[in-house]
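In what follows, a single structure is set out as structure tokens and then discussed.
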Amino acid sequence: MTEVYDYAAVGVGPANLSLAALGDNVENLRGVHLEARESAAWHPGLLLPEATLQVSPLKDLVTLVDPTSRYSFLAFLAAEGRLYRFLTARFPSVLRTEFDQYLQWASRTIPSIEFGVEVRSVSQRDGDFVLRWEHGEVTARNVVLGTGQTPFVPACMRPHLCSEVFHAGQYLLRRRELSDRAVTVVGGGQSGAEIVRHLMRLAEPPRSIDWITRRPGLLPMDDSPFTNEYFFPGYAREFHGLPETSRRELLAEQKYASDGIDLATLEDIYRERYRHECLLGRKNWLRLMCRSEVRGCERLSHGWQLEVQGPEPALVRSDVVILATGYEYRLPAFMRDLAPRLAKTAEGLVVGEDFSLALDGRARGRVFLQNGARHAWGVADPNLSLLSWRSAVILNAILGYRRYNT
Ligand SMILES: Cc1cc2nc3c(=O)[nH]c(=O)nc-3n(C[C@H](O)[C@H](O)[C@H](O)COP(=O)(O)OP(=O)(O)OC[C@H]3O[C@@H](n4cnc5c(N)ncnc54)[C@H](O)[C@@H]3O)c2cc1C
């Protein structure tokens with residue numbers, strides 16, 4: 001007889017890793033976690049050496065729901081014998097490279113994770129879900145989607161994607177020559193800022209950097225206490241209960257609670273610009289174009305010419321174009337059989353109070369969605385802040401009782 005898991009989770013980034021960590025403590029729960037990569041990697045193309053977490057490390061996989069869990073960030077530091085040195089180092093924010101090590105450690109320690117499994121389809125058989133990949137399949141009563149977000153590339157740039165025109169998520173993965181070249185960064189959010197800072201600090205920096213953003217300026221992330229309440233479970237529930245039009249308005253108002261640039265990065269960039277332009281005499285080396293949008297791109301015999309609309313319309317010539325243009329949620333292709341049965345609105349998928357999708361027709365279990373419902377759950381949805389809480393809500397729903405206090 002085919003074994004039927006209580007749930008199968010697809011994708012093991014921080015979201016489903018949190019589910020695996022919290023699920024590992026639960027007696028008689030059978031879950032399997034399937035990840036396409038051969039080992040855990042947290043946005044490897046943007047794992048810049050100086051990049052830090054934008055949140056407290058206590059917003060790890062488990063702590064805010066189960067502070068006694070053996071999968072906490074502190075447990076990782078203790079297991080690595082680093083607790084005293086970590087405390088003494090007094091980092092203002094934890095380095096992302098260290099958080100990545102923590103995620104890798106957790107993914108090696110939790111037994112129910114299978115790497116090298118890229119799910120290709122999900123269908124239904126006798127009320128259960130069957131997940132298939134190249135050389136295998138599993139059957140489960142519930143499915144938890146945790147495949148992350150997809151890089152967004154503006155339509156005018158899509159035909160030009162290549163080794164020298166690429167999304168920010170590929171920044172460290174591309175073999176490319178940047179020294180003494182004209183580099184353009186498109187996008188004024190955190191990723192764009194981190195890349196600009198990195199370019200400015202290269203031992204052999206670019207000849208020039210053009211930084212183009214639609215935003216009115218380089219706007220800081222609002223990390224103040226009352227704004228941070230948007231990242232509380234209580235607020236997320238309140239937001240979820242609002243009519244769709246109110247949610248849309250609030251999302252626009254709250255954008256910079258998560259989409260701004262952190263203050264330390266802004267200060268670094270300001271100082272680097274001062275050093276290059278005032279001390280090293282590189283006038284206009286970093287050219288910032290705000291309220292500006294890339295509308296077209298033309299291939300030249302050497303490089304590219306970007307058509308920029310803004311207060312001063314311009315043609316910008318570049319050797320390398322880096323698109324820090326963000327991410328969007330797309331239902332994964334492997335959901336094509338079930339997709340027509342999922343309820344949607346103009347804003348996106350209908351996502352219930354337990355993060356399950358509204359699926360038409362008979363099924364014993366449900367399909368849950370991690371990190372795909374900003375429209376329904378607010379600015380905290382793609383963030384680490386509510387990671388453990390959301391996983392606990394999903395686990396409680398799968399178990400049918402309140403295992404975790406949510
Ligand atoms: C560079 C960067 C830095 C960030 N830093 C912060 C931060 O400091 N603080 C914060 O709160 N938020 C941060 N975020 C936002 C958010 O926390 C992260 O994007 C986080 O990684 C989201 O986790 P996830 O598990 O939903 O998705 P992902 O981390 O994208 O993981 C999805 C996983 O699914 C796998 N997968 C996809 N398709 C399949 C398939 N068919 N079969 C099997 N596996 C599949 C992928 O290989 C991947 O491993 C950051 C985002 C980025 C891009």
Side-chain angles (χ1 to χ4, degrees), residues 8-20 32-48 51-61 64 93-100 103-104 106-107 113-122 131-134 136 138 143-152 167-172 187 189-195 198 221 223 228 230-231 257-259 261-262 264-265 324-336 355 368-374 379-388 390-391:
V10 190
V12 184
N16 273 341
L17 194 51
S18 165
L19 187 82
V32 62
H33 306 83
L34 309 169
E35 166 56 44
R37 289 191 166 113
E38 295 299 328
S39 61
W42 191 38
H43 299 302
L46 277 166
L47 210 55
L48 297 161
T52 60
L53 278 191
Q54 266 85 58
V55 294
S56 157
L58 296 183
K59 293 180 168 179
D60 62 13
L61 299 172
L64 291 177
S93 304
V94 169
L95 291 169
R96 274 215 306 267
T97 45
E98 182 153 46
F99 205 72
D100 176 57
L103 298 174
Q104 291 189 31
S107 76
I113 300 174
E114 297 199 15
F115 286 103
V117 174
E118 184 181 350
V119 172
R120 299 275 173 85
S121 71
V122 180
L131 294 85
R132 293 195 177 85
W133 57 96
E134 197 178 356
V138 292
V143 173
V144 187
L145 300 175
T147 50
Q149 303 214 342
T150 309
F152 173 78
H167 190 268
Q170 297 285 308
Y171 181 61
L172 291 177
Q190 182 68 24
S191 296
E194 287 180 6
I195 288 173
H198 189 256
M221 187 181 298
D223 193 19
N228 276 333
Y230 300 151
F231 300 86
S258 63
D259 275 1
I261 304 172
D262 80 46
T265 310
T325 38
Y327 293 81
E328 61 183 353
Y329 184 74
R330 286 202 213 132
L331 192 68
F334 63 73
M335 287 293 289
R336 64 192 156 272
F355 292 90
F368 297 89
L369 178 61
Q370 303 248 39
N371 185 8
R374 192 173 178 273
V379 286
D381 195 60
N383 191 272
L384 295 178
S385 297
L386 292 182
L387 203 70
S388 56
R390 185 176 57 203
S391 291

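As the structure lists them, so they are numbered: ligands from 1, and atoms in each ligand from 1.
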Can you check whether [X] has an N/O within less than 3.5 Å of an N/O in ligand 1?
X	answer
Leu53	no
Phe334	no
Gln54	yes
Gln370	no
Ser385	no
Ala41	no
Leu46	no
Ser191	no
Thr52	no
Tyr327	no

Checklist entry - Applying a 4.0 Å heavy-atom criterion (strictly less than), which segment of Thr147 is in contact with ligand 1: side chain, backbone, both, or neither? => result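 Contact part for Thr147 vs ligand 1: both backbone and side chain.
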
Considering only heavy atoms, which of [options] lies nearest to [atom]?
atom	options	answer
atom 9 (N) of ligand 1	Leu19, Leu384, Thr150	Leu384
atom 15 (C) of ligand 1	Ala51, Pro151, Pro382	Pro382
atom 53 (C) of ligand 1	Glu38, His43, Glu35	His43

Checklist entry - Would atom 30 (O) of ligand 1 count as contacted, meaning some protein heavy atom under 4.0 Å? => result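 Looking at atom 30 (O) of ligand 1, one finds that a protein heavy atom does lie closer than 4.0 Å.
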
Next on the checklist: With the threshold set at under 4.0 angstrom, would you say Pro332 reaches ligand 1 through any of its heavy atoms?
Outcome noted: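 No heavy atom of Pro332 comes that close to ligand 1.
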
Checklist entry - Closest non-hydrogen protein atom to atom 25 (O) of ligand 1, residue and atom name please, with distance? => result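 Sorting protein heavy atoms by distance from atom 25 (O) of ligand 1 puts Ala15 N, 2.9 Å first.
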
Next on the checklist: For His198 and Tyr171, take the angle between the two ring planes, folded into 0 to 90°, and tell me which bin it lands in: parallel under 30, tilted 30 to 60, perpendicular over 60.
Outcome noted: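 Answer is perpendicular, since the angle exceeds 60°.
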
